[in-house]
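Worksheet for the structure shown next.
Numbered from 1 within each chain, the chains take letters A, B, ... in sequence-line order. Owing to the predicted nature of the structure, the values given are computational and were not obtained by experimental measurement.
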Protein chains: 2
Amino acid sequence: MRAQTELDSHAPAAPASGAAPTLSELEIEAIDLFIGLIKLLGMPKSVGELYGLLFVSPTPLPMETLMDRLNMSKGSASQGLKLLRSFGAVKTVYVAGDRRDHYVAEFDLSRFASNFIKGELQPHLDSGLERIKRMEHLIQQFTPGERDTAENRLVRLRHWHEKGQAMVPWILKFLVS
Amino acid sequence: MRAQTELDSHAPAAPASGAAPTLSELEIEAIDLFIGLIKLLGMPKSVGELYGLLFVSPTPLPMETLMDRLNMSKGSASQGLKLLRSFGAVKTVYVAGDRRDHYVAEFDLSRFASNFIKGELQPHLDSGLERIKRMEHLIQQFTPGERDTAENRLVRLRHWHEKGQAMVPWILKFLVS
DNA sequence: CAAACTGTCCAGAAAAAAATGAACAAACCG
DNA sequence: CGGTTTGTTCATTTTTTTCTGGACAGTTTG
């Protein structure tokens, strides 16, 4: 077992006994904050915990420390970090004399947002467009009377879709600081 | 039991037997589309089904019809319609000679978005700000060396928060057509 | 090379979210 | 009124999502 070498006095190391490690108030606030944000984006809370703790950590942390401090299983930590890496929300850095990967939070919001949009939002917009096209095709078989209402509504749908699509680049530009 | 009086030949009524009522292709596309959208917003799929069917229905539909066509329990239908009403995504209209409420979809996107933001997004932003303030307060007790990193990060957090906050009115303006 | 270490993956367990259906309240009807 | 229809609420069940922990593969080390 590796010696506990964290330097942050406000991030208490595990107590003498093998009991649950404690988190500082600052860490708890950060974790809560990011749990909220992450859940809003539809991701599991463990991901928010990981990012929250890394966000306030003054030093890079290896997975083992994250597991210990957050009382989280190896599986969750590994999967969560993988997800965070895939969004560019977290990266690994080299730490001299330690074979393990050490993680630090990335603070560049725009990269995260851009990856999130590319990975989660855009596919939805695309499949939505497909559906709209299919619906437009389907109503061709309707009698004129029926077609009117349906056509009118599909026009609106297309309108929504265009708005959504048009907003994406704008949001990205807005977030680049 | 009330006679089935839907007029849309593309929205087949229940078959002669008591078997599962069928949905037209158009209805299925619409429902799938809105299930996707609604889940993206973190709401249960039943809500998407309800809105999807109402979106393409040429006539107002009572809850009973929605339940039958979607194979959905009374409880889910009632709760889902309540939620949709609360966002202004759906409203009831009077239908002569029928005591039941009849529902139609609202097509005004901006009202829905504004209610969604007010109800879901803004509270998160508010509680986030509270947390940031609390964190800023907590780091006052740190020694100068520790405080630096933390302060730097909190500045970034504030920045993110301001961006999020600033984007809300812009999105609303964008969606008003 | 064997033993120890690090991290991934995935089947099963646990927790969380959503759907069900029956009890209930309210409105209507004769 | 008593009976019926309509819709809401909520305790329970079902479904879905998330977490866990061990098997495993790849590396490093003595």
Checklist entry - Listed in order of residue number, which residues of residues 32-53 of chain B have a non-hydrogen atom at under 4.0 Å from DNA chain D? => result none
Side-chain donor-acceptor distances from residues 116-124 of chain B under 3.5 Å, at least two apart:
{"from": "B:Lys118", "atom 1": "NZ", "to": "B:Ser114", "atom 2": "OG", "distance (Å)": "3.3"}
{"from": "B:Gln122", "atom 1": "NE2", "to": "B:Asp126", "atom 2": "OD1", "distance (Å)": "3.0"}
{"from": "B:Gln122", "atom 1": "NE2", "to": "B:Gln165", "atom 2": "OE1", "distance (Å)": "3.1"}

Checklist entry - Tell me: CG of A:Leu81 to P of C:dC9, nearest whole Å? => result 13 Å
Checklist entry - How many angstroms lie between CG in A:Leu54 and CZ in A:Phe107, if you round to the nearest 0.5 Å? => result 9.0 Å
Next on the checklist: With rounding to the nearest 0.5 angstrom, report the CG to CZ distance, B:Leu33 to A:Arg131.
Outcome noted: 6.5 Å
Next on the checklist: Please tell me if A:Lys82 has a side-chain N or O lying less than 4.0 Å from either OP1 or OP2 of C:dG7.
Outcome noted: no
Item to check | Length of the CG-P vector between A:Leu61 and C:dT6, whole Å | outcome: 15 Å
Write down the protein N/O and nucleotide N/O pairs, taken from nucleotides 11-14 of chain C, whose separation is under 3.5 Å; answer none if there are no such pairs.
none

Next on the checklist: Whole angstroms only, please: what is the CG-P distance between B:Leu83 and C:dA18?
Outcome noted: 10 Å
Item to check | side-chain hydrogen bond (donor to acceptor under 3.5 Å, both in side chains) pairs, two or more places apart, involving residues 32-54 of chain A | outcome: none
Item to check | All pairs passing salt bridge (charged side-chain N to carboxylate O under 4.0 Å, His left out) where residues 152-172 of chain B contributes a residue, at least two apart | outcome: B:Glu136-B:Arg158
Next on the checklist: Let me check something: do A:Leu50 and A:Val104 share a hydrophobic cluster, defined by ILVMFWY side-chain heavy atoms less than 4.5 Å apart, either directly or through other members?
Outcome noted: no
Next on the checklist: Please enumerate all residues that pass side chain to side chain contact (heavy atoms under 4.5 Å, CB included) together with B:Leu53, with sequence neighbours excluded.
Outcome noted: B:Leu23, B:Glu27, B:Ile31, B:Leu61, B:Leu66, B:Arg69, B:Leu70
Next on the checklist: Please tell me whether B:Phe55 and B:Leu41 are part of a single hydrophobic cluster in this structure, the criterion being side-chain heavy atoms less than 4.5 Å apart.
Outcome noted: yes
Item to check | Under-4.0 Å side-chain N/O to phosphate OP1/OP2 contact, B:Arg85 with D:dG7 | outcome: no
Checklist entry - Which angle, rounded to 10°, do you find between the first-five-pair axis and the last-five-pair axis of the helix from C:dC1-D:dG30 to C:dG30-D:dC1? => result 0°
Checklist entry - Hey, what do you get for CG (A:Leu40) to CD1 (A:Ile35), rounding to the nearest 0.5 Å? => result 13.5 Å
Checklist entry - Can you give one letter per nucleotide of nucleotides 23-30 of chain D, going 5' to 3': B for a protein heavy atom under 4.0 Å from the base, S for sugar-phosphate only, - for none? => result B---BS--
Next on the checklist: Return the CD to CZ distance between B:Glu29 and A:Arg134, rounded to the nearest 0.5 Å.
Outcome noted: 4.0 Å
Checklist entry - D:dT20, D:dT8, C:dC9: which one has an atom nearest the side-chain heavy atoms of A:Ser73? => result D:dT20
Checklist entry - Do the non-hydrogen side-chain atoms of A:Leu175 and B:Met167 ever get within less than 4.5 Å of each other? => result yes
Item to check | For atom CG of A:Asp98 and atom C1' of C:dG7, their distance in whole Å | outcome: 13 Å
Item to check | Transitive ILVMFWY side-chain link B:Ile38 to A:Leu129, under 4.5 Å | outcome: no
Next on the checklist: What is the distance, to the nearest angstrom, from the CE atom on B:Met63 to the C1' atom on C:dT20?
Outcome noted: 13 Å
Any protein N or O atoms within reach of nucleotides 10-13 of chain D? Criterion: under 3.5 Å, listing atom names and distances.
none

Next on the checklist: Rounded to whole Å, how long is the line connecting atom CE of A:Met72 with atom P of D:dT20?
Outcome noted: 7 Å
Checklist entry - side chain to side chain contact (heavy atoms under 4.5 Å, CB included) between A:Leu157 and B:Phe34: does it pass, once the steps are laid out? => result CA-CA 11 Å; A:Leu157 251 194; B:Phe34 283 107; 4.0 Å; yes
Item to check | Atom pair distance, as rounded to whole Å: CG in B:Asn71 and P in D:dT15 | outcome: 14 Å
Distance-only criterion, 3.5 Å: show the donor-acceptor pairs between side-chain atoms of residues 83-95 of chain B and protein atoms not counting sequence neighbours.
{"from": "B:Arg85", "atom 1": "NH1", "to": "B:Tyr103", "atom 2": "OH", "distance (Å)": "2.7"}
{"from": "B:Ser86", "atom 1": "OG", "to": "B:Leu83", "atom 2": "O", "distance (Å)": "2.7"}

Next on the checklist: Could you walk me through whether B:Asp101 and B:Leu81 satisfy the side chain to side chain contact (heavy atoms under 4.5 Å, CB included) test, starting with their C-alpha distance in whole Å, then the side-chain angles of each, then the deciding distance to 0.1 Å, before giving a yes or no?
Outcome noted: CA-CA 11 Å; B:Asp101 285 338; B:Leu81 289 168; over 6 Å; no
Checklist entry - Can you name the residues that form a side chain to side chain contact (heavy atoms under 4.5 Å, CB included) with B:Trp170, not counting sequence neighbours? => result A:Trp170, B:Phe174
Checklist entry - Between atom CG in B:Leu66 and atom C1' in D:dG7, what is the gap in whole Å? => result 13 Å
Item to check | Residues which pass side chain to side chain contact (heavy atoms under 4.5 Å, CB included) with B:Met67, listed by chain and number, not counting sequence neighbours | outcome: B:Met63, B:Lys74, B:Ala77
Checklist entry - Are OP1 or OP2 of D:dG7 and a side-chain N or O of B:Ser78 less than 4.0 angstrom apart? => result no
